[in-house]
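Okay, structure first, notes after.
We count ligands from 1, going down the list as the structure has it; atoms in each ligand are counted the same way.
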Amino acid sequence: METGSIFPQPGTQQPLGSEAGKAAEDDGGGGKGSVDSDATSGNPYAGLVSRLRAAWLSGKTQPMEYRVAQLEALGRFLDEKKQDILEATALDMRKPPFEAEYSEIILCKNDLHETLNNLSYWMKDEHVDKNLVTRLDSAFIRKDPYGVVLIIAPWNYPINLLLVPLIGAIAAGNCVVVKPSETTKNTERLIAEMLTCYLDNDCFAVVTAGVQETTRLLENKFDYIFYTGSPSVGRIIMTAAAKHLTPVTMELGGKNPCYVSDSCDVQNVARRVAWGRFFNTGQTCVAPDYVLCSAAMQEKLLPALREAITEFYGPNPRDSPDFGRIVGDKHFQRVQALLRSGRVVIGGQTDEKERYIAPTVLVDLQPSDPIMQEEIFGPILPIVIVANMDEAIDFIRSREQPLVVYAFSSNDKVVNQVLEKTSSGGFCGNDTLMHVTLTSLPFGGIGNSGLGMCHGRFTFDTFTHHRGCLLRGMGREALNAFRYPPYNQQKLGIIWAASEVKRKGACTLL
Ligand code: NAD
């Protein structure tokens, strides 16, 4: 397998005119299937995209055996490089090995196995209902790959959020460019150096790129773009995609509310909320961003949260091997500044050198405080007081639709009411994060938190064009006469009778 030629220096921001640029010159950027040469002429990635497009047009990625072989190779990457993955994520953000294995390896393997177990079924043509006119024909949905697709990933789960979409894209039969986050340098290097040794480099490429290079990459025409990251960058990606009318999935972030009703097992709630908030040092798109509860519940919740935090991380979380660090200096400064909102009741300690922020709980907050305006993405849990469930629902509804809404109550009716009266990408009652672990549930946002879905079958469908097909025979022309001019009322009557979709249960006797 070819390695290196289309991959820029791993771990470095790729200077324009580097490996990808050479590929562009070699290929002239105008291989079969290359498009929009005006926008991409002189573009350092044009050659790379052209090469992948030529591979796509050759049909190489389409047979099921090929897809299975590549997916199995991806599985071997996860097995054989597990230790490297744990080390790279530990170097990047001191991700605890337990959390890395759970979120980066186990969840990816589950998605992979779900895909391999069902691929032949998912790929099959889906035969659909017909009417009288087409009764003798064949009508079906063909599962076509899009072509050459681009996956842009963030840094917080740098393996999972790159590989889960990649699994679906390969399964659906596409050629793929993946762009890992440049923030997590060690993981980026590992992906560029090692993943490429497992996959067919004719069809799958890793581009290591910062903002400037990604901007150039996006000038090329892709057939689908799958982006995971912040809503503000999401807008930039969608704008670039719009130039080529490229369809997109946007897996974005936001502030996930967590309502805790007065009737609940406070210790259990505290453990489940603390786990979801402080997992990966709070750098999780589906983390509970803030708690909404009554003043009476806050009084009970605070000691329970203190106990849960001590149970998890000991008296000094800085010394715990199970508590990570903020990914970078500018990220640290942003999260640290959010500590100025409200009043610290638990934690609050920081160490800039280590990029350490203790698991922290804040109270006495106003909805207008800075911490209530932006996604926290760090180990801080603000508690906002509401009078009751209705006020909590009004609070949630007055803000952007989040990626997930959480509700805790011993009373199922309360959980169901929050589910019914709010809108969000996903929902989890009486726990946090766990809905994401099921490959059978779609994962994605709505409104400001995103567009489109992934996980298991939903990723396969995302990277698949559902092509509506009707195959008719050449004969039986007499049956078509009623739709040809000259038109008359009698022909129209036949069309009504032969093609109408009847409303179920409608009375046809009168
Ligand atoms: P980000 O938006 O800054 O970066 C994500 C990716 O976009 C990176 O690969 C980066 O190189 C690229 N990028 C950044 N600026 C760009 C630009 N101007 N032009 C082109 N590409 C650009 O996000 P992040 O800081 O890496 O991740 C944190 C955000 O991601 C949070 O908002 C979080 O909620 C969200 N997120 C969402 C999900 C989800 O599944 N919905 C999962 C994880 C993270």
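- The shortest N or O to N or O distance between S449 and ligand 1 is not under 3.5 Å.
- A ring-ring contact (aromatic ring centres under 6.0 Å, His included) check over residues 328-351, counting only residues at least two apart or in different chains, returns the pairs W155-H331.
- Under a 4.0 Å N-O distance rule, the pair K255/E400 does not qualify as a salt bridge.
- Contacts with ligand 1 closer than 4.0 Å are made by side-chain heavy atoms of L161 only, the backbone lying farther away.
- Scanning for side chain to side chain contact (heavy atoms under 4.5 Å, CB included) contacts around R318 gives N316, R325, D351, E354, Y356, with sequence neighbours left out.
- Here's the thing with H331: none of its N/O atoms is less than 3.5 angstrom from an N/O atom of ligand 1.
- Here the protein heavy atom with the shortest distance to atom 36 (N) of ligand 1 is C285 CB, 3.6 Å.
- For the ligand labelled ligand 1, residue A153 lies inside the 4.0 Å heavy-atom shell.
- Taking every non-hydrogen atom of T214 and a distance limit under 4.0 Å, the qualifying atoms of ligand 1 come out as 20 (C), 21 (N).
- Short contacts between ligand 1 and W155, defined as distances under 4.0 Å to a heavy atom of the residue, involve ligand atoms 24 (P), 25 (O), 26 (O), 27 (O).
- Less than 4.0 angstrom separates some heavy atom of S230 from each of these atoms of ligand 1: 1 (P), 2 (O), 23 (O), 29 (C), 30 (O), 32 (O).
- No side-chain heavy atom of V405 sits under 4.5 Å from any side-chain heavy atom of N256.
- Aromatic ring centres of F395 and Y290 lie closer together than 6.0 Å.
- Within ligand 1, counting atoms from 1 as listed, the ones closer than 4.0 Å to a heavy atom of F377 are 28 (C), 31 (C), 33 (C), 34 (O).
- Close to ligand 1: Y227, with a non-hydrogen atom less than 4.0 angstrom away.
- For ligand 1, one of its N or O atoms has an N or O atom of L252 under 3.5 Å away.
- Close contacts between ligand 1 and V211 involve ligand atoms 15 (N), 16 (C), 17 (C), 18 (N) [criterion: under 4.0 Å to a heavy atom].
- Atom numbering of ligand 1 starts at 1 in the shown order; those under 4.0 Å from a heavy atom of E251 are 37 (C), 38 (C), 39 (C), 40 (O), 41 (N).
- Ranking protein heavy atoms by distance to atom 12 (C) of ligand 1, first place goes to I152 CG2, 4.0 Å.
- Close contacts between ligand 1 and N156 involve ligand atoms 43 (C), 44 (C) [criterion: under 4.0 Å to a heavy atom].
- For atom 16 (C) of ligand 1, the closest non-hydrogen atom of the protein is V233 CG1, 3.4 Å.
- In T284, neither the side chain nor the backbone holds a heavy atom less than 4.0 Å from any atom of ligand 1.
- Atom 11 (O) of ligand 1 has E182 OE1, 2.6 Å as its closest protein atom, hydrogens excluded (heavy atom only).
- Below 3.5 Å of separation, one finds no N or O of T228 facing any N or O of ligand 1.
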